[in-house]
Amino acid sequence: MGKSERVRDNYTESKIDDVFFHQAELEQKKRVLIICDRGAMDPSAYIDAELWHKMLKEIGLEQFNMRENRYDQAPYLNIRISRRNFDQNYAAVVHLVTAADGAEKYYTQANNKTRSEGIQAAMEMDKITRTAWLGHPYVDVIDNVETPTFEDKIRRLIEVISDRAGVEVSDRLKLNSKKRKWLVLDYDESAFPKFEEFEVKHDYLMAENRGMQQVRLRSRCQNNRTTYTLTTRTAAPTKGMIETRMQLSMKDYQSYYRLKDKQRQTIHKLRKCFSHGTQYFNLDIYVDPLPPACLGKRLMILETYTTKPVGDPEPELPPWLKVEKEITGDSDFSMYSLSYNSRAAAVPPTATAAAAGVSSCSSSPPLSNASSASALPSLGGVPSPSSPPLKKAPLSYADLKAEMRRERGAAQNSSPDEERTQKSEELMFNEDADDA
C-alpha cells in the first residue's frame with residue numbers, strides 16, 4: 001500500500017470511529033462500550049514521521065489528542081444522567097502481541113490474505129506498533145507467555161476490558177494482575193529505550209471520612225498539553241477497596257484544588273513510560289519540591305502490572321536499572337504516605353503558594369480572579385527541577401525508613417490521636433490508587 005492510500009485510509013478510519021462515538025452520545029439510559037479494532041495511533045507505525053504529522057495537519061488532528069483523549073469513552077457516556085455512574089468508564093489501549101513472538105506454531109499467513117510478513121518481520125512490526133502507544137495512560141499488553149492460544153488471549157482481553165470498564169464479571173474472568181513496585185537507585189541513561197515523558201502532579205483532597213476514603217487530584221502534562229483526573233478510593237466493608245476515576249476540565253480541576261488537604265504536600269514527578277520486552281513499565285522520578293521524607297535526595301520508583309506474585313523473579317526488570325529492592329505493599333513508599341507533612345501547619349500560606357512554582361508545561365490561561373491565584377496550582381504539571389534529577393544523591397531504602405520512623409515519633413509526641421489516625425490511614429491506603 002502506498003503512502004497516499006495509508007493517509008486516505010487513516011482519515012476514513014477516524015471518520016468511522018466518529019460515527020460510532022456520536023451514536024453512543026444518543027444513548028441516554030445505557031452504558032456504551034465501543035471497541036475499535038485498530039486504534040488511531042497504529043498507522044504511525046507504518047509510515048515515516050514526516051508524513052504522519054503532515055497527515056494529522058491535513059485532517060485537523062494532533063497527536064496528543066489522538067493518543068490521550070480519543071479513546072476516553074466518558075464524554076460519550078455522560079448523557080443527561082449523573083456523572084458518577086460513569087466514573088470508571090475510562091479508555092484503555094490493549095495490545096495483543098503477535099503469535100510470531102512466543103507462539104510461533106500458531107502464526108500463519110493462510111488465514112489472512114493481506115498478511116505477507118514472515119515471523120521476524122511480524123515481530124518487528126508488532127514492536128513498532130506497540131511503541132506507537134507509548135505514553136497513553138492505560139496500556140495493557142497481552143503477550144503469549146500465559147496466553148499461548150488465541151482463545152486464552154480472548155479471555156484475557158475480556159478480563160482487561162471488564163476491569164477498565166468497571167464491569168462485574170464472574171471469577172474466571174476477573175483480572176488477576178497486580179501492581180508491583182521497586183526502588184531504583186540509578187539507571188544508565190545511554191541504555192534507556194524509547195520512552196514518553198510526562199510531568200505529573202498529585203494532590204490529596206480533604207475527605208468526609210479520612211479513615212475510609214481517599215481523594216486524589218492529578219494533572220498530567222506533555223508538550224504544553226494537560227489532562228486532569230480525580231480519583232476516589234472508598235473502603236467498603238464487603239467489597240474491599242472501590243476505586244473510581246473521572247476526567248476533569250481545567251475549570252473543574254481548579255475548583256477541586258481548593259479542597260486540598262493542607263497536611264499533605266503536593267507530589268511532583270517526572271514519569272517515563274517505556275517497554276522492556278513485552279512488559280510495559282513506568283519509572284517515576286520525584287522532583288523538586290520534594291516531600292520531606294525524601295531528605296532532599298532523589299527518589300525513583302519503577303512499577304508495572306503483572307500476574308506474577310511479589311518476590312517472583314519475573315517479569316524481567318531492565319538490566320540497565322540499578323534496583324535496590326522490591327517495595328510492593330510497603331506503605332512508606334506510597335504517595336499517600338510520602339505526601340504527609342507533619343510540619344505543614346507551621347508553614348505560612350504564602351510559602352506554600354510559592355512552593356507551587358511556575359510550570360514549564362502549561363497551556364493554561366491566567367486566572368481571571370487575581371486574588372485567588374495564589375491559592376491555586378500551576379496547572380500544567382511540575383515545575384522545572386532546579387537541577388537535573390540524577391544530580392541528586394539517591395534515596396536508599398534505609399534512608400526513607402529511618403525518616404518515616406522519625407516522622408511517626410514526632411507526630412506521636414505532639415498528638416497521640418493524630419499519630420494513630422495517620423498510621424491507620426497508611427495501612428488502609430498502603431497501595432496507591434491507579435496513577436497511570
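None of these values were measured; they are calculated from a predicted model.
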Look at the rings of Tyr204 and Tyr336 and say which category their plane angle falls in: under 30° parallel, 30 to 60° tilted, over 60° perpendicular.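 It falls in the perpendicular class, over 60°.
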Residue pair [X] / [Y], side-chain donor-acceptor N/O under 3.5 Å:
| X | Y | value |
| --- | --- | --- |
| Asp143 | Thr278 | yes |
| Thr328 | Arg180 | no |
| Lys260 | Thr266 | yes |

Heavy atoms only: give me the nearest [X]-[Y] pair and the separation to one decimal.
| X | Y | value |
| --- | --- | --- |
| Gly277 | Arg130 | O-NH2, 3.2 Å |
| Leu134 | Glu196 | O-CG, 2.9 Å |
| Leu183 | Tyr397 | CD2-N, 3.4 Å |
| Tyr253 | Asp203 | OH-OD2, 4.2 Å |
| Glu326 | Val310 | OE2-CG1, 3.6 Å |
| Phe64 | Thr226 | CZ-N, 4.0 Å |

Point-to-point distance, once rounded to the nearest 0.5 Å, from [atom1] of [X] to [atom2] of [Y]:
| X | Y | atom1 | atom2 | value |
| --- | --- | --- | --- | --- |
| Leu185 | Lys322 | CG | NZ | 5.5 Å |
| Tyr46 | Thr129 | OH | OG1 | 3.5 Å |
| Cys294 | Gln265 | SG | CD | 9.0 Å |
| Arg264 | His202 | CZ | NE2 | 14.0 Å |
| Asp42 | His95 | CG | NE2 | 8.5 Å |
| Trp133 | Ser44 | CH2 | OG | 8.0 Å |

Heavy-atom side-chain proximity of [X] to [Y] below 4.5 angstrom:
| X | Y | result |
| --- | --- | --- |
| Tyr228 | Leu217 | no |
| His268 | Asp288 | no |
| Leu400 | Leu338 | yes |
| Pro291 | Ile267 | yes |
| Val94 | Leu157 | yes |
| Tyr286 | Met335 | yes |
| Glu314 | Thr306 | no |
| Gln63 | Met41 | yes |

Could you walk me through whether Ile285 and Tyr187 pass the side-chain contact (heavy atoms from CB on, under 4.5 Å) test, one step at a time? CA-CA 11 Å; Ile285 305 173; Tyr187 63 82; 4.0 Å; yes
Heavy-atom neighbours of Phe20 CZ exceed 12 at 6.0 Å: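 Open.
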Ring centroids only, cut at 6.0 angstrom: are Phe281 and Trp320 within range, meaning strictly under it?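 No: the rings miss the under 6.0 Å criterion.
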Aromatic centroids of Tyr280 and Tyr305 separated by under 6.0 Å: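 Between Tyr305 and Tyr280, the centre distance exceeds or equals 6.0 Å.
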Verdict with supporting geometry, Leu205 and Asp261, side-chain contact (heavy atoms from CB on, under 4.5 Å): CA-CA 5 Å; Leu205 309 185; Asp261 186 344; 5.9 Å; no
Using the rule side chain to side chain contact (heavy atoms under 4.5 Å, CB included), only one of Pro137, Ser219, Cys273 pairs with Phe198; which is it?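 Result: among Pro137, Ser219, Cys273, Cys273 is the only option passing the side chain to side chain contact (heavy atoms under 4.5 Å, CB included) with Phe198.
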Run the numbers on Glu316 and His276 for side-chain contact (heavy atoms from CB on, under 4.5 Å), then give the verdict. CA-CA 8 Å; Glu316 178 190 13; His276 177 63; 3.7 Å; yes
Is there a side-chain contact (heavy atoms from CB on, under 4.5 Å) between Tyr256 and Val215 once you walk through the steps? CA-CA 10 Å; Tyr256 276 111; Val215 185; 6.0 Å; no
If the test is side-chain hydrogen bond (donor to acceptor under 3.5 Å, both in side chains), which one of Lys401, Lys181, Lys325 qualifies with Asp330?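 That would be Lys401.
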Under the criterion salt bridge (Lys or Arg N to Asp or Glu O under 4.0 Å), which of Arg271, Arg220, Lys272, Lys269 is the partner of Glu197?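 It is Lys272; the other options fail the test.
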Side chain of Glu58, backbone of Gly60: donor and acceptor closer than 3.5 Å?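 Here the side-chain-to-backbone pair does not exist.
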